[in-house]
Amino acid sequence: MRLSRYFLPTLKENPNEAQIVSHRLMLRTGMIRQSSAGIYTWLPLGLRVLRRIEQIVREEQDAAGCHELLMPTIQPAELWKESGRYDAYGPEMLRILDRHQREMLYGPTNEELITEIFRGTVKSYRQLPKLLYHIQWKFRDEIRPRFGVMRGREFLMKDSYSFDLDQAGAIRAYNTMFVCYLRTFQRMGLTAIPMRAETGPIGGNLSHEFVIVADTGESEIAYHRDFEKIDWIGSDIDFEGDLQPLVDQFTTKYAATDEQRDAAAEAALGEDLVTGRGIEVGHIFYFGTKYSKPLGATVTGPDGEPVAVEMGSYGIGVSRLVAAVIEASHDDAGIIWPDSVAPFAVGLINLKPDDAASSELCERLYTALTAAGHEVLYDDRAERPGVKFSEMDLIGLPQQVIVGPRGAKAGTVELKVRRSGEREELPVEAALARFGA
Ligand code: P5A
């Protein structure tokens, strides 16, 4: 991508309305624009990151045996009256009348809708278990939308739903998602700590929040140091096998929110206790028959009798994760994207586009890197070098390739690693070899 043709409306100054670093950096780098309170447009750079995060979430859901579908954003109120949540959800729900005066709503979550789909299609226990998910926009009329996409009113969620014949099956599904979540966040370079949680308006009696550690997190947390070993969950998980022992390794370790903290347990941990702040990026629930009973989602069991199916739901804040990754990975100069979610892998800086040798070399590098499968953002603009350096650091691409007239003449380029700041001058061929090009 040539920066001269791209749409990257960066801001020189820190926007006043942004109180936390991710919100500030997302506005400054031209990733998002506010449309109204808690509602944002995703500009090209932001959308790239959102899509990459979404894709990691999707791949890990698929690997866990979850099947993707896409439910609508607008739902009929009747279903929510059937479950009893229409009134219970209160003013957070955006209620809409269509032209026939029918009551509709913009979905804040989809338990009712998926249960309706299930009850109309699955009739026998032989068709179980089922795990379904979608990645769709939600609307919650939050009383205090704030911190940009961290707590928006419109936000992108991945929500999965499990259907099982009995509680043992439902717990298996819960464990599958539990492990799947650890893998998902790990791929984004995040340490996600599962914490016992309240079930709130979703319901049920078993629930975990997945919280990542960041100084600017909304809530205080305390946990066992072992949670920082994020690679203690391998990539070769057998989702068909018994995941309970693995889940137990996590759930038996100390992890507590502010309200749950236990002074005695913490004293016992001694050096192993870590305190910090956390951001909730995922939340899973087992709620049994809370929706299947009132909505009549039953299957014929092995003995021929109807059984209300056992359900759970499992959410990931996809748009929130974009901000959460930034909270966890930035410095004074700007964002530092982990490779797995970076909007482009390489930033190519042409320090003097009106120098023929520099521009020729840049074109060659751009073509070769792209051909080797790297996404390159090429700063070909006629801007001062200082502006180019600081903007490239600000948007935080993992690798930079810097070309100036002196190097172009000598056949060398400079490589810079954004995270460490390490710089190295190399012959062009050696630099290309680093990228497998
Ligand atoms: C689980 C999936 C649910 O809604 N129903 C379907 C269940 N859970 S939840 O905890 O309420 O939300 C799941 C995740 O969505 C993110 N999230 C938000 N992100 C941005 N802005 C918001 N206002 C917002 N509200 C929830 C969180 O990451 C949460 O864990």
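Residue numbers start at 1 and run along the sequence shown. Just follow the structure's listing: the first ligand is 1, and inside any ligand the first atom is 1.
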NZ/NE/NH1/NH2 to OD/OE distance under 4.0 Å, R151 and E142 | yes
Mutual orientation of the aromatic rings belonging to [X] and [Y] [parallel < 30°, tilted 30-60°, perpendicular > 60°]:
| X | Y | value |
| --- | --- | --- |
| W80 | Y89 | perpendicular |
| F344 | Y6 | perpendicular |
| Y106 | F139 | tilted |
| F210 | F178 | perpendicular |

Does an N or O from T109, backbone or side chain, lie closer than 3.5 Å to an N or O of ligand 1?
-> yes
Please indicate whether any nitrogen or oxygen in G152 is less than 3.5 Å from any nitrogen or oxygen in ligand 1.
-> yes
What do we get for [X] next to ligand 1 when only non-hydrogen atoms under 4.0 Å count, side chain, backbone, both or neither?
| X | answer |
| --- | --- |
| E111 | side chain |
| H283 | both |
| R153 | neither |
| I202 | side chain |
| I284 | neither |

For the residue pair Y174 and Y286, is the inter-centroid distance of their aromatic rings smaller than 6.0 Å?
-> no
Sub-6.0 Å ring centroid separation between H374 and F435 | yes
F210 touching ligand 1 at heavy-atom level, < 4.0 angstrom | no
Heavy-atom contact under 4.0 Å between S319 and ligand 1?
-> no
Considering heavy atoms of the protein only, find what lies nearest to [atom] and give residue, atom and distance to 0.1 Å.
| atom | answer |
| --- | --- |
| atom 20 (C) of ligand 1 | M150 O, 3.4 Å |
| atom 27 (C) of ligand 1 | R320 NH1, 3.6 Å |
| atom 30 (O) of ligand 1 | E280 OE2, 2.4 Å |
| atom 16 (C) of ligand 1 | G317 CA, 3.6 Å |

More than 12 foreign heavy atoms under 6.0 Å from [atom1] of [X]: is that the case here?
| X | atom1 | value |
| --- | --- | --- |
| I143 | CD1 | no |
| D303 | CG | yes |
| E78 | CD | no |

Go through ligand 1 atom by atom and flag the ones less than 4.0 Å from a non-hydrogen atom of [X].
| X | result |
| --- | --- |
| V149 | 20 (C) |
| D159 | 2 (C), 6 (C) |
| V281 | 28 (O), 30 (O) |

Atom CD1 of I279 and atom CD of E209: how far apart are they, to the nearest 0.5 Å?
-> 12.5 Å
A student comparing F155, Y314, F285 should find that the heavy atom closest to atom 8 (N) of ligand 1 comes from F285
Can you figure out which of R140, M157, E92 has its heavy atom closest to atom 26 (C) of ligand 1?
-> R140
